[in-house]
Amino acid sequence: MNKAAMKRMTRRTEFYMFLVLIILIAVIGIVSKGSLFESTQIVTILRAMVVDGMFAMCCLVVMVSGGFDMSFPAIAALAYSLATTICLNQGWCQTSPIAGFALSIVFGAILGMFNGWIISNFKLNTMLVTLGTQTFFTGVSMGLLQLREITSTLPVALKKFGLSSLFEVTNSAGLKSTMTTMFIFLVILCAVTSFVLNKTMFGRALYAIGGNEVSAERAGYNVKKTKFILYTVVGAVSGFIGMIRVCMASQSIPKAMVNKEFTIIPAVILGGASIFGGEGSVFGTVTAIGIITLVNNSMLLVGIDSYWKDFFNGLIILIGVTVSALQAMRKKH
Amino acid sequence: MAEEYLLQMTGIHKRFGGVHALDDVSFRVRPGKVMCLAGENGCGKSTLVKIISGVYTKDEGEVVFEGNTISKITPAEATRLGIQVIYQDLSIFPNLTVRENLAINSEITAGRKLVNRKRWDETARAALDKVGCDIDLDAKMGDLNVASKQLVAICRAMLFNAKLIIMDEPTTALTKKEVDALFETVRQLRDSGIAIMFISHKTDEIFEISDDVCIMRSGKNVYTGETKNLTRKQFTYYLTGRDIEDDYFVPKNISPEPVLEVKNLTIDHRVKDVSFDLRKGEILGITGLLGSGRTELALALFGLEKPTAGQIVLNGKPIRIKSPIAAQKLRIGYVPEDRLTEGLCLAQPIADNIALSSLKRLSKAFGVLKRKDVIDEGWKWQKTFSIKTDDVTKNASTLSGGNQQKIVLAKWLANDLDVLILNGPTVGVDVGAKQDIHALVHELANQGLAVIIISDDLPEVVVNCSRVIVMKEGAIVGEMTGDGITENAIAEIIA
Amino acid sequence: MTKIKNFVRNNQYTSILVGLLIAVLALFSALKGSAFWRIDLWKGMTMQFPEYACIALGLMFVFISGHHDMSQVLLGNFGAILAVQYMAANVTEGMANGQVAGIIFIGIGIALAIAVVGGLINFLLVSYLNVPPVMATIAMQMVWKGLSTALTKGYAVKGVPALYTTVGHTYIGGFLAVPVVIFLVLLVIAIFLLKFTTFGEKLYMIGTNKKAAKFSGINVHGMLAATYLLSAIFATIGVLIMVSTMGSAKADYGISYTTRAILILVLAGCIPDGGQGKISNILLSIVTVQIIATGINLFANLNTYYSSLIWGGMLIVVLIMSTQVGNRAPKKAKKVKKAPQNAA
């Protein structure tokens, strides 16, 4: 590796995040006397990454394009609540979960389209728009449609799908833990996001728009259309992720996604995305989600009361955003 | 057979609502020549460019390109014809690599869906080869300097087999050396048969680079023809519509004691061991190229740069200027280089902008401030400086560049000052307003203000200063006074 | 008539808000009539709106300065938790009212002291470390919530002295609710600061162009410190009012007020881009939001989430309308300079 490339790498946030992750793993591994490396513990942490990691991908692509989406959890919640309610009433999803997923994706896409229509047609602060649509969607789901919690009556196929596993591991104490099938979707989504962002002209359009919207327009990109497609796809994927969560938790709770954006957005920024757009990568985002999930799930291992979870999350984010701000300041000089 | 003219525009009209932005404009561009489009701000230059590039459609008139009459130009059509515009902001992506910046436009035009790194690489290299320059393709665009960014933009334009390259005020942010390099590239392109349309309002540059010139004023072209048939005086006359007589500054009463003394001032390696003094009633010019340390020196006198060594003495007392707040208390005022980002709150009323530095004087105990006092202050300065507005509660953005600059001046003069530092006082200001501002500064100096003008506009320095210091690489390399101040004398030591 | 026309032309935003308020009032009058125009209903409203209105007023300063503060409510909650813990630990049964009042004041002092600390931390992060305001305050929001959760294990802290809740629920003279009085005091302070002092003048200028303000000799750091402090203190006062309604303090009480405060401000044309926002519009906006919240309750078959629906919808509509208002503004006619024409 030549010197210039080396220098470029060490200037990236992703590089430092990865170092932090390695150090954290080492420290927690030592403090917990190796129990972090128990197969069951690893499986638990990977399992906990599924939903947040997938949401982070949605958040990442929007942020790369210079947007700030507060509404994706509300879209997911409305999409899956509506989908499961319909499945329950129609008696669908008894043998196959496909109907549930299809419905949730379609609803998600429609809601995303709504976001996309507003954002692409009017030059507005995306944070304020999506705050508005978030509130609106929550109102639709719990006010207008009065969607209820579905727990024990959740259609069988959805439950079954959620409980299905790739493999089972047993730790030294004989405890068993299963690796959920849903993990595959996290891997696929990360791979697809990475491919789209780096290897397609659509992905480069997102970086271009995030870097300089006027230039992107002049270069020949249809910025309006790109944004519309982006928010529609993000909506559809959010619907899908929501359904994954329903299956994993074996219940559909309309309120479950409230304030989810406040944990996902900071994590994505921690991973090197910029709220001003044009920066961010799948690798960095996954690393940041990894750090946060690791910390959340190993509090007990290192003997810290789990009530401190929120505090440590906040502290990591705080340090993360401060360090990247200082880095940006240093670059200027 | 090659046409004599690449582009001919005849009788072009464009109206926006009731405003006749372009009124019967005609000109011709020859292949392999540089044509300058000159004019003051708001004369219709940019509207004309937008018509050529297809962003606007003309209301009337004829466009002939390579002998073919073009009825309707769209941006895509313009690109197909070989017309490329390099905008002032260069239309680059600071977050992407040089490779992507070079290749992305042609990839989009080709309708590609996927990224092929090898093809991008080839495209990018081909682009660099066309101009014959060498830039690291993996470098991030935002990390390059302005000159390199400009080269990338030119290379990118060349990819489209450009026959006509339009450059919109390309020299604004460049140092003299960089301008020379740019002109070298422009000549090289010209010699290879490409027509260049160069938009500028800087007299020197226009006479240096152009073969033909088209001067616009108030939406009309008032002169078209070869540059060599024009004298500078005529040029200024066409540009402004009036004869500008240089009104040299004659100091009337320079105080015997210096008001400000700078002794061995050093800031890192950007300003080295600079000493000078300044008296009441004189206008001291500090000139030098971009990066010569002139701006840093000024900022140090206003508390925005921290000297690493040396001393500043004001009225005989050694002082430390820690912040603009401290500078203001010491009766030092500073009119910044960049009016839009450092000088004005554009989206706020004219009166509030004027009153901003003198709020303490306008307010009563506990900072109680009457709105009427602010507005009265606005009207007072509107009259003093004859700022062209019918209402000082209108936003500053409604004014022209020259009048905006008057606001920034008024803001500082509303305070009782001993020293006024003007950094590029007439950048982007029309020639007419420029003269007004100069006359005003002369008057202030003769009333006993000590003025420092920092500028790289040599004619401005020569006309306005009673003493000039020339800086180079952070140090003072020359000083001249009175009749000894000439453009040639400064130019000799400046670079 | 022409007077009204002129007013509408000069105050397009205010006119939209007045129109909106009239529409809301008309709708509820038509649908509910006398049930809507009941005195106790309106008295009830005055007991409810001050808690979030105080938070919105605090946020207003930050928005005008071109910044953002997402940490307000959770910072207030942390202070309130400490305050209630202190009160619960020190007030014993049979204590004289005067003594209890003293303890309450110390409790309030603790909460306000925390607000000062929190406001200063936000200021330091944003001003000296250059962290983007949204990110800095979201991170601090998580930190404060985390501290509260760790301290209370996620439970509500009970034991608010009876005197505190009683006073909080008193109508002075039978109609003027104590929370309203507190809100009015803050409102007067806000109006005074914004309209009658150099602080307000400087705040709008900083929000429009921070660099130009700095170059004009304005103490930008000092102004921002004051702004974040005001935001934290006003919000904490709002949370302390909420404590008297709830009778307890908790890590995540009033979490939705963050959104509601933003909604109120954006509805009033006060956006975090800075330099904009009129107090009269913000008052109109608060009144409209509260009337909708109360009006919804009159319908037995509508739950409270209907107000989310309406608010969210309103926010989107107003945002879109605001872009249209800008577009319709008469274009500045270019001044055609008079100069002799001398074509060559």
Side-chain angles (χ1 to χ4, degrees), chain A residues 68 70-71 74 114-115 118 121-125 127-129 131-146 254 258-259 261-263 265-266 269-270 274-276 304-326 328-329 332, chain C residues 68 70 74 121 125-126 129-132 134-136 138-154 251-252 255-256 258-260 262-263 265-266 271-273 296 301-324 326:
Chain A
F68 194 97
M70 306 269 289
S71 69
F114 186 59
N115 269 343
I118 298 171
N121 277 293
F122 306 98
K123 279 199 158 55
L124 287 167
N125 183 326
M127 178 182 167
L128 298 179
V129 170
L131 191 71
T133 53
Q134 177 210 57
T135 315
F136 183 72
F137 295 154
T138 310
V140 170
S141 129
M142 292 190 266
L144 188 66
L145 302 174
Q146 313 250 350
V258 172
N259 285 331
E261 65 275 11
F262 284 127
T263 51
I265 293 172
I269 290 168
L270 191 67
S274 157
I275 59 167
F276 306 112
I304 299 172
D305 196 294
S306 67
Y307 291 114
W308 285 95
K309 199 172 87 177
D310 285 348
F311 174 73
F312 280 104
N313 268 337
L315 209 59
I316 293 171
I317 303 287
L318 186 62
I319 294 168
V321 293
T322 310
V323 167
S324 66
L326 290 176
M329 231 158 58
K332 258 194 215 158
Chain C
H68 215 310
M70 308 280 276
L74 291 156
I121 293 177
L125 287 171
V126 169
L129 300 176
N130 269 347
V131 184
V134 179
M135 288 330 301
I138 286 184
M140 283 314 293
Q141 175 198 55
M142 295 171 80
V143 169
W144 294 118
K145 186 179 170 220
L147 281 176
S148 301
T149 313
L151 203 65
T152 62
K153 305 221 182 296
D252 58 359
I255 225 167
S256 64
T258 305
T259 314
R260 199 183 294 186
I262 297 175
L263 169 88
L265 295 181
V266 174
I271 56 170
D273 292 0
I296 293 290
N301 53 342
L302 301 186
N303 66 17
T304 48
Y305 284 107
Y306 264 92
S307 42
S308 290
L309 181 87
I310 296 174
W311 292 335
M314 251 164 44
L315 184 60
I316 297 163
V317 171
V318 167
L319 276 174
I320 292 174
M321 277 176 84
S322 69
T323 63
Q324 303 305 307

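Each chain gets a letter, A, B and so on, in the order the sequences are listed, and its residues count up from 1.
The greatest number of non-hydrogen atom pairs below 4.5 Å with chain A, out of C:S148, C:G313, C:A136, C:G154, is found for C:G313. Here C:K153 is the residue among C:K153, C:M314, C:K145 with the most heavy-atom pairs under 4.5 Å with chain A. With chain C as partner, the option from A:T322, A:N259, A:L315 having the largest number of non-hydrogen pairs under 4.5 angstrom is A:T322. Contact tally against chain C (heavy-atom pairs below 4.5 Å) for A:D305, A:I265, A:I316, A:I317: the top residue is A:I317.
How far CH2 of C:W144 is from CD1 of C:I121: 4.5 Å, rounded to the nearest 0.5 Å.
The two residues C:Y306 and A:G143 make their nearest non-hydrogen contact at CE1-O, 3.2 Å. In plain terms, the two heavy atoms of C:S308 and A:G139 that are nearest each other are CB-CA, 3.7 Å. The nearest pair of heavy atoms linking C:V131 to C:M135 is CG1-CB, 4.3 Å.
Neither the backbone nor the side chain of C:D252 comes within contact range of chain A, judged by heavy atoms closer than 4.5 Å. Only the side chain of A:I118 comes within contact range of chain C, with at least one heavy atom under 4.5 Å from a heavy atom of that chain. Residue contact with chain A, scored on non-hydrogen atoms closer than 4.5 Å, involves the side chain of C:L125 exclusively. The part of A:L124 that comes within reach of chain C is its side chain, from C-beta onward, which places non-hydrogen atoms under 4.5 angstrom from that chain. Neither the backbone nor the side chain of C:L151 has a heavy atom closer than 4.5 Å to any heavy atom of chain A. With a 4.5 Å cut-off on non-hydrogen atoms, A:N121 does not touch chain C at all. Interface residue C:M70: only side-chain heavy atoms are found under 4.5 Å from chain A. Heavy atoms of C:L129 lying under 4.5 Å from chain A belong to its backbone as well as its side chain. Contacts of A:K123 with chain C are made by backbone atoms alone, with heavy-atom separations under 4.5 Å and no side-chain atom involved. Both the backbone and the side chain of A:L144 have a heavy atom closer than 4.5 Å to some heavy atom of chain C. Looking at A:L131, both its backbone and its side chain come within 4.5 Å of chain C, counting heavy atoms on both sides. If you measure heavy-atom distances from C:L315 to chain A, the contacts under 4.5 Å come from the side chain alone. Contacts of A:F137 with chain C are absent, with no heavy-atom separation under 4.5 Å from either backbone or side chain. Neither the backbone nor the side chain of C:V318 comes within less than 4.5 Å of any heavy atom of chain A. Proximity to chain C (any heavy atom under 4.5 Å) is restricted, for A:F276, to the side chain, taken from C-beta onward.
Between C:N301 and A:Q146, the closest side-chain pair of non-hydrogen atoms is not below 4.5 Å. Taking the side chain as every heavy atom from C-beta outward, A:F262 and C:M142 never approach each other to under 4.5 Å. The shortest side-chain heavy-atom distance between C:I310 and A:F136 does not fall under the 4.5 Å cut-off.
In terms of the side-chain hydrogen bond (donor to acceptor under 3.5 Å, both in side chains) criterion, residue partners of A:N313 (sequence neighbours excluded) are, by chain and number, A:N296. Legend: residues meeting side-chain hydrogen bond (donor to acceptor under 3.5 Å, both in side chains) with A:T135, ordered by chain and number and at least two apart, are absent.
Partner of A:S71 under the side chain to side chain contact (heavy atoms under 4.5 Å, CB included) criterion, chosen from A:N115, A:V129, A:T138: A:N115. The only option from A:V321, A:I319, A:L326 that meets the side chain to side chain contact (heavy atoms under 4.5 Å, CB included) definition with A:V323 turns out to be A:I319.
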When you look at A:F114 and C:I316, which way does the side-chain contact (heavy atoms from CB on, under 4.5 Å) test go after all the steps? CA-CA 11 Å; A:F114 186 59; C:I316 297 163; 3.9 Å; yes
